[in-house]
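Here is how names work: the chains are called A, B, and so on, in the same order as the sequence lines, proteins then strands, and each is numbered from 1.
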Protein chains: 2
Amino acid sequence: MTRPYSKALRCLQEVGLRPTRQRLALTKLLFDNNDRHITAELLHHEVNEAGAKVSLATIYNTLHQFTDAGLLKEVIVDSSRTYFDTNVSDHHHIYFKDDEELQDISSDELVIKSLPSVPEGKKISGVSVVVHMENKAD
Amino acid sequence: MTRPYSKALRCLQEVGLRPTRQRLALTKLLFDNNDRHITAELLHHEVNEAGAKVSLATIYNTLHQFTDAGLLKEVIVDSSRTYFDTNVSDHHHIYFKDDEELQDISSDELVIKSLPSVPEGKKISGVSVVVHMENKAD
DNA sequence: ATAGCTGCAAATGCTTTGCAAGGCC
DNA sequence: GGCCTTGCAAAGCATTTGCAGCTAT
């Protein structure tokens, strides 16, 4: 209770980012609970609701710094929104369009049997698999 | 030669869209060659270079009308750009980040072995697989 | 002290929309 | 003629950036 930010603090120090008030608040929200999928806008609401004032610009900056540092992963599922995933391991997603919600697919639920050959001078930087779900009664 | 638009014309009539000058020009560019992956911006350049004047707004409108009609498929690979695919069959993609180019993956090159279970009241509306490639010498 | 960080407001880039003028049936 | 289309310009939205002031070390 007297050191509510110790975990977040260590997290930031590890990647060499100054533990500012804003970054501590964001880190806490992002990594205290496992496996979050969040947008900048959503995180902005959360952090401000939690009492810490952080500007949207800083949220965007921080999310990208965290992504560059390997703490987050960007997930492309919707052309109008960018999601960030706190699970940075190799895995795939289910996107619930009607709920605008993202969920991990556990590795044993979806298996890719083979990948295409890689052209000369190129390399695979990532494989993105998104299963799009929608409500049945549409 | 005297009926250069006959194919495009049939195409539009099939989906019940009036064969206007603009739509004919776009249809021709999109469907005369197989398997195109294109953005609104790019198509805009192409059509204007080909001599037909079509506004960007109309390009966007038309691309969406075609998508609704089932002539095109939207592909989500990059958060800042929307690609449309003239191949509407079920298949997957390779995205070359450095070239901003999209390519089909032939169905025998990538196989999904299993899919996650579908929650009550939901259905799978699509499965998107994108292999992201980048230049090796980065 | 100073390099890094934050926040505002403005700018950006892609996409959509309102509406008046024009084109197809 | 009447309804569908088009095009412009303006609006919209998510995201980025410039810069002056603030903060951690």
Side-chain angles (χ1 to χ4, degrees), chain A residues 5-6 8-27 29 37-48 51-69 71-72 74-84 95 100 102, chain B residues 5-6 8-29 37-48 51-69 71-72 74-84 100 102:
Chain A
Y5 287 105
S6 60
L9 184 62
R10 261 179 279 121
C11 187
L12 287 173
Q13 288 174 331
E14 257 167 46
V15 298
L17 291 170
R18 283 190 186 169
T20 63
R21 174 180 64 77
Q22 292 86 339
R23 292 213 270 240
L24 282 168
L26 295 176
T27 306
L29 281 172
H37 301 91
I38 205 162
T39 63
E41 208 73 45
L42 212 56
L43 187 56
H44 189 221
H45 286 143
E46 274 196 19
V47 77
N48 286 336
K53 293 264 158 38
V54 183
S55 79
L56 192 52
T58 297
I59 306 261
Y60 275 107
N61 289 335
T62 306
L63 286 173
H64 286 131
Q65 289 159 352
F66 283 9
T67 302
D68 292 343
L71 295 175
L72 291 176
E74 203 179 320
V75 188
I76 301 170
V77 286
D78 184 303
S79 40
S80 67
R81 237 179 305 276
T82 304
Y83 282 83
F84 292 87
Y95 183 60
E100 297 182 356
L102 201 54
Chain B
Y5 287 105
S6 58
L9 183 61
R10 259 180 281 122
C11 187
L12 287 174
Q13 288 173 334
E14 257 166 46
V15 298
L17 291 170
R18 283 191 187 170
T20 63
R21 173 179 66 75
Q22 292 85 340
R23 292 212 270 239
L24 283 168
L26 295 176
T27 306
K28 207 166 146 47
L29 281 171
H37 302 91
I38 206 162
T39 63
E41 209 74 44
L42 212 55
L43 187 56
H44 189 222
H45 286 142
E46 273 195 21
V47 78
N48 287 337
K53 295 264 158 38
V54 183
S55 80
L56 191 53
T58 298
I59 306 261
Y60 274 107
N61 288 335
T62 306
L63 286 172
H64 285 132
Q65 288 159 353
F66 284 9
T67 301
D68 292 345
L71 295 175
L72 291 176
E74 204 178 320
V75 188
I76 299 169
V77 286
D78 185 301
S79 39
S80 68
R81 237 179 305 277
T82 304
Y83 282 82
F84 292 87
E100 297 182 357
L102 202 54

Test side chain to side chain donor-acceptor pair (under 3.5 Å) applied to H37(A) - qualifying residues, sequence neighbours left out: D85(A), D104(A)

Residue set satisfying side chain to side chain donor-acceptor pair (under 3.5 Å) with R81(B), at least two apart, ordered chain then number -> E100(B)

Contact span of DNA chain D against chain B, any nucleotide atom under 4.0 Å from a heavy atom, 5' to 3', runs dC3(D) to dC8(D)

Side chain to side chain contact (heavy atoms under 4.5 Å, CB included) partners of [X], counting only residues at least two apart:
X: T27(B); result: A8(B), C11(B), L12(B), F31(B), F66(B)
X: S55(A); result: A57(A), T58(A)
X: I38(B); result: L30(B), R36(B), L42(B), L43(B), E46(B)

Taking ring pair (Phe, Tyr, Trp, His ring centres under 6.0 Å) as the definition, give me every residue that meets it alongside [X], ordered by chain and number, with sequence neighbours left out.
X: Y83(B); answer: Y95(B)
X: H64(A); answer: F84(A)
X: Y60(B); answer: none

For Watson-Crick and G-U wobble pairs within 3.5 Å on both distances, what is DNA chain C written in dot-bracket notation, | included for inter-strand pairing? |||||||||||||||||||||||||

With salt bridge (Lys or Arg N to Asp or Glu O under 4.0 Å) as the rule and sequence neighbours excluded, what pairs involving residues 58-67 of chain B come up? none

Side-chain N or O of T58(A) closer than 4.0 Å to phosphate OP1/OP2 of dG7(C): yes

OP1, OP2 of dG4(C) versus side-chain N and O of Q65(A): anything below 4.0 Å? no

Name the one of D68(B), T67(B), T62(B), L63(B) that satisfies side-chain contact (heavy atoms from CB on, under 4.5 Å) with Q65(B)? T62(B)

Protein and nucleotides 13-21 of chain C: nitrogen or oxygen contacts under 3.5 angstrom:
| unit_1 | atom_1 | unit_2 | atom_2 | d |
| --- | --- | --- | --- | --- |
| dT15(C) | OP1 | T82(B) | N | 2.9 |
| dT15(C) | OP1 | T82(B) | OG1 | 2.7 |
| dT15(C) | OP2 | Y60(B) | OH | 2.3 |
| dT15(C) | O5' | Y60(B) | OH | 3.2 |
| dT16(C) | OP2 | H64(B) | ND1 | 3.4 |

